[in-house]
Amino acid sequence: MQSIKQVLSGDSLDMPVRIRGWIYRTRSSGGIVFAVIRDSTGIVQTTVKKGTVSDGDFESASNAGIESAVEVQGTLAEDNRAPGGLEIRASGFKVVAFSEPFPITEYQSTELLLDQRHLWIRSREQTAVMRVKAAMLRGGREWFHENDYVEVTPPMITGVASEDSTQLFQIKYFDRIAFLSQSAQFYLESLIFSCERVWTLTPSFRAEKSRTPRHLAEYWHLEMEAAWVDNEGNMKVQEELVAAMLECAADECPAELQLLGRDPATLRKIAPPFDRMPYAEAMEYLQKNGFDALWGSDLGAVEERALTKDRETPLFIVNYPKELKPFYMKGNPDDPRTYKNSDLLAPEGYGEIIGGSERETDNALMIERLKDKGESLDNYQWYLDLRKYGSVPHSGFGLGLERMVTWVCKLEHIRDSIPFPRTVARVYP
RNA sequence: GCCGUCGUAGCUCAGUCGGUAGAGCGUCCGCCUGUUAAGCGGAAGGUCAACGGUUCGAACCCGUUCGACGGCGCCA
């Protein structure tokens with residue numbers, strides 16, 4: 001048994017081959033059936049002629065509809081009438097399982113594709129996205145390994161909010177209430193005192209009622225935290241990691257990227273260092289371009305698009321005003337109105353993919369900020385402990401994996417970057 | 001939370017002025033030995049999202065509800 005990719009790329013011409021997979025398209029013309037077969041690696045046309053195969057096999061081929069599981073043996077032949085110029089001329093055609101009429105046909109609405117998600121993920125586009133995502137993850141994991149980071153496993157059930165607590169999913173936890181994690185950051189910060197450099201990949205849950213092409217209620221969060229690293233060092237990690245993920249995707253999935261409309265060469269060109277633009281400068285740029293960009297206002301989707309739509313490489317926006325960011329970021333001595341933090345914006349207008357900062361080490365400052373926000377200190381006691389016992393400068397960030405995939409795969413909506421998207425309006429299938 | 005669009009055959013949609021419900025694709029049957037999500041002939045397939053109202057008469061006008069999608073804000 002061979003994969004379709006092996007059959008098409010090897011030296012199988014005029015040789016006997018055997019494949020198995022699912023019928024992708026089928027047409028018949030009396031005594032000849034054209035069945036295009038799909039497996040996880042590609043598609044190829046097979047031709048089944050009456051008289052060339054057994055009558056039973058011919059009847060099977062005639063009756064098998066789209067998505068029927070089949071096993072075909074035959075000879076690979078060159079033929080310019082075949083899509084792609086190669087086809088398998090069958091000597092045997094076995095149906096492993098006939099398919100009922102497939103619900104997804106030529107015309108599809110968004111609603112149908114979401115309702116039939118468990119079937120739609122068989123599509124070539126979705127398959128390509130999954131492979132690109134896997135390659136990106138492998139590139140990232142290897143980069144962390146080569147740079148002496150320890151992969152750790154924080155909890156996903158938590159009793160404390162690291163962001164706005166209205167955005168947490170509540171769960172029943174025995175006889176009390178707990179929350180689904182929206183960030184592993186506090187746990188990673190705890191772990192740097194032993195491992196020094198840690199990273200993790202976990203699901204994060206956000207109960208924001210966001211209805212946009214950039215939000216999921218459940219997404220995969222790639223987070224890193226490292227001791228002895230300042231904000232600039234934090235950005236170096238980000239750009240090297242992103243470049244490593246892009247390189248692996250370009251190396252392992254050139255065909256998948258092409259299918260999705262992404263030229264792998266544009267990814268290979270992206271190398272550190274990425275441009276750094278202070279928040280203040282970004283606001284000036286926006287004002288010159290007709291935006292009402294006042295100091296202290298956040299960058300919305302439109303602003304992020306304006307800043308990056310003509311760029312081919314990601315852009316760091318650094319030193320945001322304190323009122324826009326959470327309490328645990330390190331103050332910026334060069335401009336006390338701001339933090340030592342960065343957001344990384346994807347190019348081509350795809351928006352924010354990473355948020356990170358150097359962390360505050362002064363408990364008094366953090367307590368003051370929490371009180372200003374009206375937060376109860378009780379939830380943060382263990383976190384504040386971390387600054388009492390040998391606190392060190394440290395930094396970290398969180399990367400929204402699906403946001404990065406959306407950019408890399410040129411997707412219109414983040415839901416296509418994950419097989420079973422969880423959004424405000426949908427938990428099925 | 002706010003703004004907007006849409007619910008008609010399995011799917012994608014049309015449906016004029018309020019007057020007995022339409023097409024293409026898919027399915028089923030028949031024909032076809034080079035098709036490119038083929039072609040030709042035939043058949044089956046409908047709670048017009050739900051409920052209420054106006055009217056002699058409602059897919060169409062009005063109201064309510066439900067569902068889906070698009071956008072904003074917030075975030076990764």
Side-chain angles (χ1 to χ4, degrees), chain A residues 23-36 38 43 45-53 58 61-63 65-66 77 79-85 87 89 99-116 123-124 162-164 166-168 182-185 202-223 238 297-304 320 324-326 342-346 350-356 397-407 412-415 417-418 423-426 428:
Chain A
I23 295 182
Y24 179 66
R25 304 278 183 259
T26 178
R27 300 169 282 276
S28 81
S29 183
I32 182 164
V33 172
F34 304 92
V36 179
R38 161 185 72 75
I43 61 172
Q45 173 168 285
T46 61
T47 60
V48 189
K49 287 186 181 176
K50 195 168 194 168
T52 306
V53 298
F58 184 78
S62 305
N63 293 336
I66 287 176
D79 195 318
N80 55 22
R81 294 168 299 187
E87 67 181 16
R89 294 185 178 146
S99 174
E100 293 182 21
F102 202 57
I104 301 172
T105 58
E106 182 176 2
Y107 307 106
Q108 310 133 345
S109 64
T110 309
E111 186 176 358
L112 176 86
L113 294 182
L114 289 172
D115 285 341
Q116 305 289 338
S123 70
R124 301 185 73 203
S162 69
E163 315 267 345
D164 181 357
T166 58
Q167 298 176 349
L168 287 165
Q182 55 183 187
S183 168
Q185 180 192 323
T202 64
S204 270
F205 305 89
R206 303 279 169 107
E208 311 159 9
K209 289 192 174 172
S210 306
R211 264 203 79 83
T212 81
R214 303 177 306 283
H215 286 86
L216 292 168
E218 177 189 40
Y219 67 97
W220 287 81
H221 206 172
L222 197 166
E223 291 173 279
Q238 293 172 51
S297 58
D298 210 350
L299 300 176
V302 188
E303 288 83 6
E304 287 184 353
Y320 278 70
L324 294 178
K325 294 292 176 183
S342 63
D343 279 358
L344 184 64
L345 308 186
Y350 280 93
E352 183 181 352
I353 56 173
I354 299 180
F397 62 84
L399 180 155
L401 182 64
E402 282 74 21
R403 288 212 175 155
M404 186 170 169
V405 170
T406 301
W407 154 48
E412 284 180 8
H413 200 295
I414 196 167
R415 64 181 162 230
S417 66
I418 191 165
T423 57
V424 192
R426 193 174 279 279
Y428 173 94

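Computation of the quantities below employed the complete heavy-atom set of this structure, encompassing side-chain atoms and omitting hydrogens, waters and symmetry-equivalent molecules.
- The base of B:U35 sits within donor-acceptor range of the side chain of A:Gln45, with an N or O pair under 3.5 Å.
- Side-chain proximity of A:Arg81 to B:G34, B:G71, B:U12: nearest is B:G34.
- Nearest to the side chain of A:Pro101, among B:G1, B:U27, B:G34, sits B:U27.
- Judged by distance alone, with hydrogens and angles left aside, A:Arg211 brings no side-chain donor or acceptor close enough to the base of B:C74 to form a pair under 3.5 Å.
- With sequence neighbours left out, the side-chain contact (heavy atoms from CB on, under 4.5 Å) criterion links A:Ser109 to A:Glu111, A:Leu112.
- Candidate nucleotides B:G34, B:U27, B:C72 were compared by shortest atom distance to the side chain of A:Ile32, and B:G34 ranks first.
- The distance between atom CD1 of A:Ile66 and atom P of B:U35, rounded to the nearest whole Å, is 19 Å.
- When distances are taken from the side chain of A:Ala425 to each of B:C69, B:U35, B:G73, the shortest belongs to B:C69.
- Picking from B:C75, B:G67, B:A37 the nucleotide with the shortest atom distance to the side chain of A:Gln108 gives B:A37.
- You cannot call A:Phe34 stacked on the base of B:G34; the centres under 5.5 Å and planes under 30° rule is not satisfied.
- Note: CG (A:Leu113) to C1' (B:C69) measures 12 Å, nearest angstrom.
- RNA chain B contains the following stems of three or more consecutive Watson-Crick or G-U pairs, with both distances under 3.5 Å: B:1-7 with B:66-72, B:10-13 with B:22-25, B:27-31 with B:39-43, B:49-53 with B:61-65.
- Regarding contacts with the backbone of B:G71, every side-chain N or O of A:Thr212 stays at 4.0 angstrom or more from both OP1 and OP2.
- Phosphate contact (OP1/OP2 of B:G67, side-chain N/O of A:Arg426, threshold under 4.0 Å): absent.
- A donor-acceptor contact under 3.5 Å is not formed by the side chain of A:Ser210 with the base of B:C75.
- A:Tyr219 and A:Arg206 are linked by a side-chain donor-acceptor pair at a separation below 3.5 angstrom, with hydrogens and angles left out of the test.
- Applying the 4.0 Å criterion to OP1 and OP2 of B:U33, one finds that A:Lys50 has every side-chain N and O outside that range.
- When heavy atoms are screened at a 4.0 angstrom cut-off, A:Glu87 is found touching base atoms of the nucleic acid.
- With B:G73, B:U33, B:A68 as the candidates, the nucleotide lying closest to the side chain of A:Lys49 is B:U33.
- Of the candidates B:A76, B:G73, B:G34, the closest approach to any side-chain atom of A:Glu352 belongs to B:A76.
- Taking every side-chain heavy atom of A:Asp79 into account, B:G34 is the closest of B:C74, B:U35, B:G34.
- Under the rule for a side-chain contact (heavy atoms from CB on, under 4.5 Å), the partners of A:Leu113 that lie at least two apart in sequence or sit in another chain are A:Ile104, A:Gln108, A:Trp120.
- Residues A:Glu402 and A:Leu216 have side chains in contact (heavy-atom distance under 4.5 Å, counting atoms from C-beta outward).
- When each of B:G70, B:C11, B:U33 is scored by its nearest atom to the side-chain atoms of A:Ser29, the top-ranked nucleotide is B:U33.
- In this structure, the side chain of A:Glu304 engages the main chain of A:Glu352 through a donor-acceptor pair within 3.5 Å.
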